[in-house]
Structures are given as structure tokens and as C-alpha cells.
Amino acid sequence: MLKCVNKNIDVENFALPIAETEFPQPFTAELEFNAPARGMWNIVHTGMLIPQSHQIFVCAQGCLRGVILTAAEMNAMDRMSFVTVEESDLFNGRLESNVIEGTSAILSEMPLKSRAVLLFLSCVQLFAGCDMSVIYRELRERFPEVDFIECLMHPTMRKSGLTPDAFMRKQLYAPLKENTPVRENCVNIIGNDRVTAASSELIQILKTNGFCVRDIAACRDYDEYLAMAESLYNISYYPTARAGNEFLCRRLQRKFLHLPLSYSFEEIAENYKILGSSLNVNIDTTEFRKSAEKALHDARNVIGDMPVVIDYTATLRNLSLARLLLENGFNVKRIYTDVMIPEEKADFEFLQKKYPELMIYPTLHPAMRFAIKTPGTGDEFLAIGQKAACFTGTRHLVNIVSGGGWYGFDGITQMCKALITARNTLSDTEKLIQLKGWGCESCL
């Protein structure tokens, strides 16, 4: 006779005060649950940022379902193809030829070949010892007019080395050509899913000082994308973009700048000190700082003591954001995250000491499947991020993913404006959190 063994699970038992957690992993890794909040981007969304490109996934049919649905939801099925891997391919010696011939058949039938092909091999090829160099060498000989980009769909390897996300952001720039003539007044923003807000002082500083600013998310065609190789300076600020930027700068012999996304006034000011020194320009952010301070004051007056909850999908610098809000009088009650990135260590230690009762909730623990609330049942909360809204049941939602393209002092100002809007407006969270890759169609 079947017996229910999880009838009275209380998810509160799986949350911890930050004072009782350890950095960087507050919870033990085990069987994982994936909440039905679909706003985060995946490798399909990110790969679509390369204009006039085509993606080919080579994997088992079960894995293909997810990536094909992603392309379909993006209205981008014309930019997606696949080659299936069957069990017999693992021992009949056709593992490499299956990829080569399948990819060749797809490209040969295209009426107009894409300028670039992102070829995704998967876990099964890695496990079976597939010779990837043979595959790419043969395809490049057959189709010399196509830039083949080596990509991996390997979630089994996400616990070591570059994460799949960081690796994908690195490969985004693989076709940029070495020995491209340099333009000293050009700057690339590297590794973001969306264009940095035009209101950001970072963009205004660059343009005011005569620099052209290029971003893959703003490229209209493949030639414009390739022109990114001309830029002398490559700036990254999102945490998972740093490794890719470093590799690109070494390969193209360009100047590397990483100005980390932060919600700390001091860290933002230090970023601009580094930027000014690197570009040999004077930078005055006084007015932007005053605007951010005023925005925080105004938002605090509107929101009052309303409990604020934050999750890692909104920004990987969730502890930095929590610290900013707490220091300015906001009632931050919960953070939903499973791991803390190295950039957050100082914020973690500060919060442990000054706000020891701040609660840290997992998102991946199997018990969290019982934490999902019906939208409207938790409207006493204000959520920053879709998973926070999903787990609290609030319709007061700041609906951003991966920082939202907000950066610097202006990023804080934009966040405060969004907090006020979320406080005064009820979102249709049941509909919003089902949209896979929130904002992704902007890349097409």
C-alpha cells in the first residue's frame, strides 16, 4: 500500500538565518527542484544574440525537447536545427560521422546559409570520448564560408571549471577575427544578455568622451557583430562574463576592464576611478550619485516597512542589493539563493554581522516544491525576481533578470523606480513567470 511520506513538510525548516549559513554554499547539494519561474535565459537564448546565426544541437531526443521549445517560444524556429543521437551511435563507430553528415545535410539544404553556426555537442559525446577536433576540422573544410562556433550543452559538468553560462558567454565572441585593425575610440560591452540602459552613467560617460559603444545585444547584422573586433577596450561587468572577456582580450590583444556590477556606492565609485584612469578621461558622477541617494529616499517613503524578498535570478549580486536596501531602511526579509559568488563575500560577512536574522532560502531543495504559492496569496511581500514572487505568492513584482541592464548609480535609481512601481501595481505573475527567457525576443 502506498504511503504519503511528505504530507506535512514545512519549508520554513529548510531556510536558515544568514548568521547560521556558510559561504559560498549555504545548503547541501542534493536532488534538485526547478521552480516554474521561466524568466532566466539559457544557452539557446544567449546563442541567439549572434545575428544571422544558426544553432544546431546534437543530442538525444529527450534533451532536444527543451532546446526546441526554447526556440519555438522565441519565435526563432527558423534559426534552430538538430541532429539526434541514438544508442547505437555510441558503439558502432559513427559518433563523429553522425555529427558531420547530419550537420552537412542541414547546411546543404539551406537556401541561404547562415554566416555562423553554433554547433552544440552534448554530455553523451563527452562521455563517449567523441573526437570533436575531427568534427570541426571536417566541417570547416566542407563549408569554409561558415564560421563554426564550438558550443557545449553539458549540465553534468556545471560543478567544475567554467559554468555552462560562463562558457557560452565566452564562445559568443569566438568568430571575432584576430589581426583586425584597432579603433582606439571604440569600446565593447562584453557578455550581457541585454543592452546596458542608455540612462546609465557608464554609457553617457563613454559617449560624452567620444567613444563609440558596441554591444552584441545591439548588433543588427553579422558584419556589425564582427566589427566588435576593432574595439580597443572590452568592458565586462556581469559576473559570468569576466572569464570570457579575459580570454577575448588575450586572443585579440585588447585592453581588459572588468567593472563589477554592484549596489555599493563605494564599489561603483571605484569602478569609475578605474575606468577614468584606463581611458585617460575625467569622470564626475556627483549628480548621478545624488540621484541614486534621492531615489532610495523616495522609494523608502513609498514602500515603508513592506517586506522585501530578493532572488538570485534578478541579480547575482543579490547580497549587495540586500545590503544597500537594508542600510537605507528597507525591510528586507528573505533572499532566495543556493550559492554565493566570490564577489559577494564582503557583503555576506557584513550581513552576517549586522543583520544576522536575514533569512536565506534555497530554491533547488526538493522541499521547495511545497513552497510555491498561488499568486495573490502573498501580496504583503514585494519581490525582486520571479522565483521570489513564485515562492511568496506576491503580485508586487520587480520583473528583471540578470540585473536588467541596469548599471552603476543609475542602476540603483532604476531599481528604486521599479520598486515604487511594483509597490503600487499588481502584476499578472501567473502569466509573467511562464515566459521563458524574459525579454529574450529583444535579441532577434
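FYI, side chains are in, hydrogens and waters are out, and symmetry mates aren't considered; it's all heavy atoms of this structure. Numbers here simply count residues along the sequence, with the first being 1.
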[Y] and [X] side chains, donor-acceptor separation under 3.5 Å:
X	Y	result
Asp284	Thr286	yes
Asn271	Glu267	no
Glu73	Thr70	no
Gln386	Asn399	yes
Thr240	Arg169	yes

### Task
Go through Phe57 and Phe120 one step at a time and tell me if the ring-ring contact (aromatic ring centres under 6.0 Å, His included) criterion holds.
CA-CA 5 Å; Phe57 281 79; Phe120 287 83; 4.1 Å; yes
Nearest-0.5 Å distance that lies between atom [atom1] in [X] and atom [atom2] in [Y]:
X	Y	atom1	atom2	result
Tyr233	Cys249	OH	SG	11.5 Å
Leu119	His54	CG	NE2	10.5 Å
Leu326	Asn331	CG	CG	8.0 Å
Phe350	Tyr355	CZ	OH	5.5 Å
Arg220	Gln52	CZ	CD	12.0 Å
Ser320	Asp347	OG	CG	4.5 Å

#### Entry: Pair Phe391 + Tyr336: ring centers closer than 6.0 Å
yes
I'd like to know if the side chain of [X] and the backbone of [Y] have a donor-acceptor N/O pair within less than 3.5 Å.
X	Y	answer
Gln171	Glu150	yes
Arg242	Pro260	no
Thr337	Val339	yes
Asn209	Leu206	no
Arg300	Gly329	yes
His396	Ala422	yes
Ser427	Thr429	no
Glu357	Ile18	no

Please determine which of [options] meets the side-chain contact (heavy atoms from CB on, under 4.5 Å) test together with [X].
X	options	result
Ile189	Asn245, Val195, Leu202	Leu202
Ile190	Asn234, Ile216, Asp215	Asn234
Arg395	Leu432, Asp428, Leu426	Leu426

#### Entry: Plane angle bin for Phe256 and His258 - parallel if under 30°, tilted between 30 and 60°, otherwise perpendicular
parallel
Taking only residues two or more places apart in sequence, or in another chain, which ones meet [X] in a side-chain contact (heavy atoms from CB on, under 4.5 Å)?
X	answer
Ala292	Phe265, Phe409, Ile412, Thr413
Phe27	Leu16, Ile360, Pro362
Thr46	Trp41, Leu49, Met168, Leu172, Asp193

[atom1] ([X]) with more than 12 external heavy atoms under 6.0 Å:
X	atom1	value
Glu12	CD	yes
Lys373	NZ	yes
Lys113	NZ	yes
Phe82	CZ	no
Glu184	CD	no
Asn280	CG	no
Glu380	CD	yes
Asn301	CG	yes

With the threshold set at 4.0 Å, does a side-chain nitrogen-carboxylate oxygen contact exist between [X] and [Y]?
X	Y	value
Lys353	Glu349	no
Arg317	Glu344	yes
Lys177	Asp147	yes
Asp223	Arg115	yes
Asp338	Lys387	no

### Query
Do Asp410 and Ser200 pass the side chain to side chain donor-acceptor pair (under 3.5 Å) test, and can you show the C-alpha distance, the side-chain angles, and the key distance before you say yes or no?
CA-CA 5 Å; Asp410 177 72; Ser200 171; 5.1 Å; no
### Task
Tell me, please, which residues at least two apart from Cys186 pass disulfide bond (SG atoms under 2.5 Å apart).
Cys212
### Query
Do Leu358 and Val332 have side chains that get closer than 4.5 Å, going by heavy atoms?
yes
### Side-chain heavy-atom pair Val213, Lys207 within 4.5 angstrom cut-off
yes
### Query
With sequence neighbours excluded, what pairs up with Tyr237 under the ring pair (Phe, Tyr, Trp, His ring centres under 6.0 Å) test?
Tyr407
### Message
If the condition is ring pair (Phe, Tyr, Trp, His ring centres under 6.0 Å), which residues does Tyr238 pass it with, not counting sequence neighbours?
### Response
none
### Query
Are Thr163 and Asp165 close enough, and set up right, to give a side chain to side chain donor-acceptor pair (under 3.5 Å), and what steps lead you there?
CA-CA 5 Å; Thr163 65; Asp165 181 38; 5.1 Å; no
### Message
Test salt bridge (Lys or Arg N to Asp or Glu O under 4.0 Å) on Glu230 and Arg214; report intermediate values, then the result.
### Response
CA-CA 10 Å; Glu230 298 174 347; Arg214 290 169 168 161; 3.2 Å; yes
### Task
State, to 0.1 Å, how close Thr394 and Ala383 come at their nearest heavy-atom pair, and which atoms those are.
CG2-CB, 3.5 Å
### Task
Decide side chain to side chain donor-acceptor pair (under 3.5 Å) for Ser53 and Arg79; before the verdict, give the C-alpha distance in whole Å, the side-chain angles of both, and the deciding distance to 0.1 Å.
CA-CA 7 Å; Ser53 65; Arg79 299 180 61 192; 3.0 Å; yes
